[in-house]
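Written out below as structure tokens is the structure these notes cover.
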Amino acid sequence: SYIVRDFLIPVLIGSKIFFSLIVAPNTFQTLNEQFARKFIRSIFPKLYLWCLVISFFITLSLISLNIFHAFIFFLITTGYFYSREFLMKKINKASDSIKQKKSSSKNFKRLHNLSVLIFITQLVTVFLIFVVTRG
């Protein structure tokens, strides 16, 4: 479908790239630690919800066109849901424990690396589907 291939998938890709290359790095360069943490904790749930809604709509739109691509987008959507509802809360808790000197940064790094892996995997997968559907 034109709307999925030529609009929604590029919007999803662009949103993720803009956030990764512009918003997140500038947050930590511009704001002090306290405000940066507050801002990141505020913006990430919104980013994940935005991506989740777009991915879910793409999933529904692809069901009649390509069931395999729809299934892949369902997995991508599930990743946003997991990251937003579970993983972010664990990351924030681990970060707070470090701040309060209750634990080392190992758990935080492991959880953060998992979130980055999920984020990158989603981005690459969405891009690959975009390229395949263009052909």
Side-chain angles (χ1 to χ4, degrees):
S1 164
Y2 165 80
I3 233 167
V4 169
R5 184 189 71 226
D6 294 336
F7 181 70
L8 290 179
I9 292 177
V11 163
L12 184 60
I13 292 168
S15 297
K16 290 181 69 104
I17 290 173
F18 178 76
F19 185 83
S20 300
L21 297 180
I22 307 297
V23 175
N26 281 299
T27 297
F28 293 105
Q29 292 172 355
T30 308
L31 301 174
N32 67 36
E33 183 185 350
Q34 177 187 358
F35 289 118
R37 287 166 57 95
K38 202 175 223 181
F39 178 75
I40 288 296
R41 286 183 183 201
S42 169
I43 195 98
F44 260 105
K46 294 171 181 85
L47 172 70
Y48 284 134
L49 182 60
W50 167 256
C51 292
L52 187 153
V53 169
I54 292 173
S55 295
F56 184 70
F57 187 75
I58 293 169
T59 300
L60 294 178
S61 299
L62 288 176
I63 288 174
S64 64
L65 300 171
N66 186 316
I67 196 71
F68 179 72
H69 290 161
F71 176 72
I72 297 300
F73 261 95
F74 174 74
L75 294 177
I76 290 167
T77 303
T78 303
Y80 290 121
F81 178 79
Y82 171 75
S83 293
R84 183 179 196 273
E85 297 301 320
F86 301 103
L87 189 54
M88 273 189 354
K89 291 173 184 170
K90 290 180 180 182
I91 290 170
N92 290 342
K93 187 176 179 179
S95 176
D96 292 343
S97 290
I98 293 167
K99 192 105 173 120
Q100 297 168 359
K101 306 210 186 299
K102 291 182 180 178
S103 69
S104 72
S105 61
K106 268 183 172 178
N107 191 38
F108 172 81
K109 286 179 184 175
R110 183 180 60 78
L111 292 167
H112 183 264
N113 287 342
L114 175 60
S115 74
V116 170
L117 177 64
I118 291 170
F119 195 88
I120 290 171
T121 301
Q122 289 168 317
L123 181 60
V124 169
T125 305
V126 170
F127 181 77
L128 289 175
I129 290 175
F130 175 72
V131 169
V132 167
T133 60
R134 304 290 301 170

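Using a 4.5 Å heavy-atom threshold, the side chains of S15 and V11 count as touching.
In F19, the CZ atom is crowded: over 12 heavy atoms of neighbouring residues, nucleotides or ligands sit closer than 6.0 Å. Dense packing is recorded around CD1 of I43, with more than 12 heavy atoms of other residues, nucleotides or ligands lying under 6.0 Å away.
The heavy-atom pair separating F130 from R5 by the smallest distance is CE1-O, 3.2 Å. Across all their heavy atoms, F56 and T77 have their closest contact at N-OG1, 3.4 Å. Scanning both residues, P25 and S20, for their nearest heavy atoms gives CD-O, 3.2 Å. Here the closest heavy-atom approach between residue P10 and residue F7 is recorded as CD-O, 3.3 Å. Taking all atoms of both residues into account, the shortest heavy-atom contact from I118 to G79 is CG2-O, 4.4 Å. Across all non-hydrogen atoms, the minimal contact from F119 to K16 is O-NZ, 3.3 Å.
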Run the numbers on N92 and F44 for side-chain contact (heavy atoms from CB on, under 4.5 Å), then give the verdict. CA-CA 11 Å; N92 290 342; F44 260 105; over 6 Å; no

Evaluation steps, side-chain contact (heavy atoms from CB on, under 4.5 Å), between I17 and I13: CA-CA 6 Å; I17 290 173; I13 292 168; 3.6 Å; yes

Going through the checks in order, is the side-chain contact (heavy atoms from CB on, under 4.5 Å) test met by K93 and K89? CA-CA 6 Å; K93 187 176 179 179; K89 291 173 184 170; over 6 Å; no

Is there a side-chain contact (heavy atoms from CB on, under 4.5 Å) between I9 and F127? Walk through the geometry before answering. CA-CA 8 Å; I9 292 177; F127 181 77; over 6 Å; no

If you apply the rule salt bridge (Lys or Arg N to Asp or Glu O under 4.0 Å), what do you find for K99 with E33, and how did you get there? CA-CA 11 Å; K99 192 105 173 120; E33 183 185 350; 3.4 Å; yes

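A continuous path of Ile, Leu, Val, Met, Phe, Trp and Tyr side chains, each step under 4.5 Å between heavy atoms, connects L31 with L21, placing both in one hydrophobic cluster. Under the 4.5 Å side-chain heavy-atom criterion for Ile, Leu, Val, Met, Phe, Trp and Tyr, V4 and L60 are members of distinct hydrophobic clusters. No continuous path of ILVMFWY side-chain contacts below 4.5 Å connects L128 to L123, so the two sit in separate hydrophobic clusters. In terms of hydrophobic clustering, with Ile, Leu, Val, Met, Phe, Trp and Tyr side chains grouped at heavy-atom distances under 4.5 Å, L8 and F68 are assigned to a common cluster. No path of Ile, Leu, Val, Met, Phe, Trp and Tyr side chains, each step under 4.5 Å between heavy atoms, connects F73 with V53, placing them in separate hydrophobic clusters.
One finds the OH atom of Y48 at 7.0 Å from the CE atom of M88 (value rounded to the nearest 0.5 Å). Taking NZ of K38 as the start and CG of N32 as the end, the distance is 10.5 Å to the nearest 0.5 Å. S83 OG to L47 CG: the interatomic distance, rounded to the nearest 0.5 Å, is 10.0 Å. Separation of atoms CG (L12) and OG (S55) is listed at 4.5 Å; rounding is to 0.5 Å. The NE2 atom of H69 lies 14.0 Å from the CD1 atom of I63; values are rounded to the nearest 0.5 Å. For the atom pair CD1 of I76 and CD1 of I54, the computed distance is 12.5 Å after rounding to the nearest 0.5 Å.
No donor-acceptor pair under 3.5 Å is formed between the side chain of S95 and the backbone N or O of I91. Listed for the K46 side chain is a donor-acceptor partner under 3.5 Å among the backbone atoms of S42. Of the possible polar contacts, none joining the N66 side chain to the L62 backbone as a donor-acceptor pair under 3.5 Å is found.
Ring orientation note: the planes of H112 and F108 are close to parallel, at an angle under 30° on the 30°/60° scale. Ring pair F81/F86 is perpendicular by interplanar angle, where above 60° counts as perpendicular and below 30° as parallel.
Aromatic rings of F39 and F35 (six-membered ring for Trp) have centroids beyond the 6.0 Å cut-off, not under it.
Residues R110 and N107 have side chains that bring a donor and an acceptor to within less than 3.5 angstrom of each other.
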